Protein chains: 2
Amino acid sequence: MIKKKSISENVLRRLPKYYRILQELEHENVKKISSTVISKMLNFTASQVRQDLSNFGEFGHQGYGYDVVYLKEQINNILGLNRIHNVIVVGGGRIGQALANYRGFKEEGFAVLAVFDIKTEGINVGEGIKVLKMSQLEAYLKQNYVEVCIIATQKEVAKDVADQVKALGIKAFWNFAPCDLSLGEDVVVENINMSESLFMLAYKYKNLNKE
Amino acid sequence: MIKKKSISENVLRRLPKYYRILQELEHENVKKISSTVISKMLNFTASQVRQDLSNFGEFGHQGYGYDVVYLKEQINNILGLNRIHNVIVVGGGRIGQALANYRGFKEEGFAVLAVFDIKTEGINVGEGIKVLKMSQLEAYLKQNYVEVCIIATQKEVAKDVADQVKALGIKAFWNFAPCDLSLGEDVVVENINMSESLFMLAYKYKNLNKE
DNA sequence: TAGATTGTTAATCGATTAACAATC
DNA sequence: TAGATTGTTAATCGATTAACAATC
């Protein structure tokens, strides 16, 4: 297999931001856009915008700029958003329920099919979303094609649960438990570490009037 | 005022990680730790650990390492976690409710006092947390000392609501609406952008077997 | 055509890593 | 004392920015 130049984390983290403003621009019926205008919207430099995009191909035209819809579609493809991913949630507490019911994910191509927990009582989710016991997980995954698992358990059990789900073949984890999940090289994990974000808020707040 | 060398975002983002493992070490009754061991726990280099910490002071001892409790306390101070911050949540939807009820925040010194929304019906929160109407916000903030506002509204109104709260004197915002809130230089904002994290997960997943 | 703007190469800047004297 | 480990200076590496030829 051809060795691809791997893309830096920094570049990758900016892609969703380009995608977001292109969505907005499309919504506003803007047809074309230059790297300079993009850069102003995001507080980047125009150079950086062009460098970032050139990692993935030549999407613009000299003297013209970028076609909004075309560029959006390209980034959509790069990010792999051009299809539906089936999702389960493990952990039916408040965060699990909130995530299962959040409409935004469906719009972005992530469909929550079911929520799993030890007990199913008291878990309220939207129409069409199943609430099942952990003991039913293995059978469920055999019968349903699921690609993403949201971990919304207590931090004490997050690692165990994730390992269990990994053993059943799931390769993508979105972790909301307050710990960094490391599950090995053969799966992907995105951690949403709310505590760390809160700590950063505290730091910035404390230093607000220091400079 | 003395011009301080400002600390880079990269360094700051690592501080909460040091704090987290120090908490764990304290829990396990570990008394001292070296930069090498810290670095292995976090997948950093030992050099980086020492560089990072030396931005804030000299916390270690040659030939010994760092005292776990002392270092934890120091980072606690740097981050400004050594006191309670009062918090309100604006937006009583599922995410707002989940955040209001999440116990973790209280443990970390962030106490949610009240949830505000247009309507108060159907908002369930834990004991001691008030559910109030947006129209009561101004009066409430005049009578209660609140430092942090969690924005848990729809993205369409997030900016308006935040500006409104800012006008009432709040200077720290934790934003869960799927947009980057820019509120000016005189306040601090931490954005939790779940969509962007989800996009990154999709990208990593898509490229899992590419290299 | 002339002005605009790309994609890319080169220059700069900043962050990470390595090395080591100081010293517990 | 000898081994360990810090804090810091210097070297390296990578990311950002600037510049510009190509060209729509």
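To find a chain, count down the sequence lines: A is the first, B the second, and so on, and within it residues start at 1. Everything numeric here is computed off the predicted structure, so don't read it as measured data.
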Check the phosphate of [N] against [X], side-chain N and O only, distance under 4.0 Å to OP1 or OP2. Yes or no?
X: A:Tyr64; N: C:dG7; result: no
X: A:Asn10; N: D:dT16; result: yes
X: B:Ser47; N: C:dT16; result: no

Note: [X]-[Y] ion pair, threshold 4.0 Å (strictly below):
X: B:Lys166; Y: B:Glu185; answer: no
X: B:Lys155; Y: A:Glu24; answer: no
X: A:Glu138; Y: A:Lys142; answer: yes
X: A:Glu9; Y: A:Arg13; answer: yes
X: B:Asp52; Y: B:Arg14; answer: yes
X: B:Glu147; Y: B:Lys171; answer: no
X: A:Lys72; Y: A:Asp67; answer: no

Nearest-nucleotide comparison on DNA chain D, the residue closer to the 5′ end among B:Phe59 and A:Val11 = B:Phe59

The answer to which of B:Gly57 and A:His61 contacts DNA chain D further toward the 5' end, by nearest nucleotide, is B:Gly57

For DNA chain C, what residues of residues 34-41 of chain A have any heavy atom nearer than 4.0 Å?
-> A:Ser34, A:Ser35

If you only use heavy atoms from C-beta on, which nucleotide in [options] is closest to the side chain of [X]?
X: A:Ser8; options: C:dT8, D:dT8, D:dA15; result: D:dA15
X: A:Glu58; options: C:dG7, D:dT17, D:dT8; result: C:dG7
X: A:Ser54; options: C:dG7, C:dA19, D:dA10; result: C:dG7

For D:dA15, which nucleotide in any strand shown is its Watson-Crick or wobble partner with both distances under 3.5 Å?
-> C:dT12

Pairing partner (Watson-Crick or G-U wobble, both distances under 3.5 angstrom) of C:dA4 = D:dT23

Counting any heavy atom closer than 4.0 Å, what does B:Phe44 reach on the DNA or RNA strands: base, sugar-phosphate only, or nothing?
-> nothing

Within this structure, what is the [atom1]-to-[atom2] distance between [X] and [N], rounded to whole angstrom?
X: B:Asn55; N: C:dG14; atom1: CG; atom2: P; result: 15 Å
X: A:Gln51; N: C:dT6; atom1: CD; atom2: P; result: 13 Å
X: A:Leu42; N: D:dT17; atom1: CG; atom2: P; result: 13 Å
X: B:Tyr70; N: D:dT6; atom1: OH; atom2: P; result: 15 Å
X: B:Gln48; N: D:dT12; atom1: CD; atom2: C1'; result: 14 Å
X: B:Asn43; N: C:dT17; atom1: CG; atom2: C1'; result: 15 Å
X: B:Lys32; N: D:dT6; atom1: NZ; atom2: P; result: 9 Å
X: B:Leu53; N: D:dT6; atom1: CG; atom2: C1'; result: 11 Å

Geometric class of the A:Tyr70/A:Phe59 ring pair [parallel <30°, tilted 30-60°, perpendicular >60°] = perpendicular

Can a cation-pi geometry be assigned to A:Lys32 and A:Tyr66, taking NZ or CZ under 6.0 Å from the six-membered ring centre and within 45° of the ring axis?
-> no

Examine distances only and state if a side-chain atom of B:Asn55 and a backbone atom of B:Gln51 form a donor-acceptor pair shorter than 3.5 Å.
-> yes

Under-3.5 Å N/O pairs linking protein and nucleotides 20-23 of chain C:
from: C:dA22; atom 1: N3; to: B:Gln62; atom 2: NE2; distance (Å): 3.4

